[in-house]
Amino acid sequence: MWIDTHCHLDAPEFAADCEAVVQRARAVGVAQMVLPAVQAADFERVRSLAHAHDAAYALGIHPLFVDRADAADLERLCAALQAHRDDPRLVAVGEIGLDHFVPGLDLQRQQQFYLAQLKIARDAALPVILHVRRSADSLLQGLRRIDVAGGIAHAFNGSEVQARQFLARGFGLGFGGAVTFERALQIRALAAGLPQTALVLETDAPDIPPQWLYRTAAERAAGATSRNEPAELPRIGAVLAQLRGWSLEDTARITAANAHAALPRLAALPQPGAVDHG
Ligand SMILES: [Zn+2]
């Protein structure tokens with residue numbers, strides 16, 4: 001059983017064929033998927049998509065969306081978490097975090113939304129799904145101030161010291177398409193060397209295509225697409241298996257157990273989509 005701990009099935013890229021995308025994922029053994037929201041306007045759609053496709057979901061405001069969010073959106077988050085507190089498919093607050101890579105963003109505003117949502121997660125007793133881009137130290141600072149119930153640092157791209165600080169706070173680290181690029185030395189070294197309990201798998205679909213889906217800017221300009229999707233997860237898992245020297249079965253079992261440890265409500269969900277590959 002594979003778990004895609006991070007896929008944006010609500011993205012416009014999947015509007016036309018979401019059902020087929022989910023079926024392809026089930027067919028290759030992706031038993032569970034977690035759909036993180038990025039803005040308040042999407043909360044209900046993400047929730048209904050999760051219910052329609054036997055998936056789990058998280059609610060939060062993504063750092064790249066805080067420029068168009070306001071205090072009322074934080075209230076909408078609180079209200080939605082309250083309204084759906086007994087929904088077993090609601091497994092985390094996310095996607096929240098800090099992006100110090102994309103130029104021109106209001107970092108102070110990101111920080112305000114990040115801290116506010118950490119408090120909301122703490123009060124709701126839910127783990128968080130964190131967006132980390134050149135921001136691991138600032139994220140860790142927030143976690144030292146506001147004690148949340150762990151979660152996942154998604155698409156992790158920090159140093160080993162930072163990785164170990166997230167682990168010490170009960171976080172799993174999300175590995176996806178980036179690990180499939182041979183030149184991604186740092187990420188591959190982390191995937192190979194961190195304690196096995198650190199590792200969870202994700203696609204971040206439709207983003208972060210693995211190496212075999214990657215298209216250059218010139219190829220994309222000529223019409224080539226590089227949409228990532230949850231069905232790529234086992235092949236990404238196979239790359240991790242190779243880096244660790246594990247069997248595919250062990251890789252699936254270990255990363256699924258880690259995902260369940262990071263997102264306990266996910267462990268309690270039935271897995272109706274699981275396909276027995278014998
Ligand atoms: Zn994401």
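Just so we're clear, the structure is a prediction, and the values are computed from it rather than from any experiment. We count ligands from 1, going down the list as the structure has it; atoms in each ligand are counted the same way.
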The Zn ion (ligand 1) - closest N/O/S atom in D204: OD1
Hydrophobic cluster membership, V179 vs W212, 4.5 Å side-chain cutoff: yes
Aromatic ring pairing F166/F156, orientation class (parallel under 30°, perpendicular over 60°, tilted between): perpendicular
H154 near the Zn ion (ligand 1) via N/O/S, less than 2.8 Å: no
Sole residue of H154, Q117, Q39 in side-chain hydrogen bond (donor to acceptor under 3.5 Å, both in side chains) with E95: H154
The Zn ion (ligand 1) to E95: nearest N/O/S atom name: OE1
H62 near the Zn ion (ligand 1) via N/O/S, less than 2.8 Å: no
Ring centres under 6.0 angstrom apart (H51, H53): no
